[in-house]
Amino acid sequence: MKNLPAEFARYSEQQVSDYLALNAGLVAMNLVLALTDQGIGSNLILGFDKSKVNEVLDIEDRFRPELLITVGYTDEKLEPSYRLPVDEIIEKR
């Protein structure tokens, strides 16, 4: 913490947790986009028992899992999932 910017050093424990979780999500998003660009399938998983991941994957307790990413190839042609039209979810003012 001594090497981090002064603003970050003033964060509460909850703010630090939120900041790190957000950054983990940004890294995951970029990784998934890069994998997709290379034709590699991936899936973000948020709904898992976080209390068991460290033990199952033999990861030190000082690390806290935020999400899991499965990665691999498939022989199947994947169809894009349905997305709402932009005009239905964005209001232009």
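Remember, it's a predicted structure, so these values are computed and weren't measured experimentally.
- In this structure, Leu26 is not a member of the same hydrophobic cluster as Leu31, with clusters built from ILVMFWY side-chain heavy atoms closer than 4.5 Å.
- Note that CG of Leu35 is 11.5 Å distant from CG of Asn43, once rounded to the nearest 0.5 Å.
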Verdict with reasoning, Asp87 to Lys92, per side chain to side chain contact (heavy atoms under 4.5 Å, CB included): CA-CA 9 Å; Asp87 292 336; Lys92 297 175 186 174; 4.0 Å; yes
Pairs of donor and acceptor atoms involving the side chains of residues 61-70, under 3.5 Å and at least two apart or interchain, shall be tabulated with distances.
residue	atom	partner	partner atom	Å
Arg62	NE	Glu60	OE1	2.8
Arg64	NE	Glu66	OE2	2.6
Arg64	NH1	Ser17	OG	2.9
Arg64	NH2	Ser17	OG	3.2
Arg64	NH2	Glu66	OE2	2.4

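- Atom CD of residue Gln38 and atom OH of residue Tyr73 lie 8.0 Å apart, to the nearest 0.5 angstrom.
- In this structure, the side chain of Asp58 does not engage the main chain of Asn54 through any donor-acceptor pair within 3.5 Å.
- A continuous path of hydrophobic side-chain contacts links Ile40 to Leu44 [ILVMFWY only; heavy atoms under 4.5 Å].
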Are Asp18 and Leu22 close enough, and set up right, to give a side chain to side chain contact (heavy atoms under 4.5 Å, CB included), and what steps lead you there? CA-CA 6 Å; Asp18 293 346; Leu22 174 65; over 6 Å; no
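- Linking Ile, Leu, Val, Met, Phe, Trp and Tyr residues whenever their side-chain heavy atoms come within less than 4.5 Å leaves Val53 and Leu46 in two separate clusters.
- The 12-atom threshold is not exceeded at CD of Glu55, counting heavy atoms of other residues, nucleotides or ligands nearer than 6.0 Å.
- Between Gln15 and Arg10, the shortest heavy-atom distance links the atoms OE1-O, 4.3 Å.
- For OH of Tyr19, the number of neighbouring non-hydrogen atoms (other residues, nucleotides, ligands) closer than 6.0 Å is 12 at most.
- Val71 and Leu57 fall into different hydrophobic clusters, defined by Ile, Leu, Val, Met, Phe, Trp and Tyr side-chain heavy atoms under 4.5 Å apart, directly or through other members.
- Remark: Asp49 engages Ser51, Lys52 in a side chain to side chain contact (heavy atoms under 4.5 Å, CB included) (not counting sequence neighbours).
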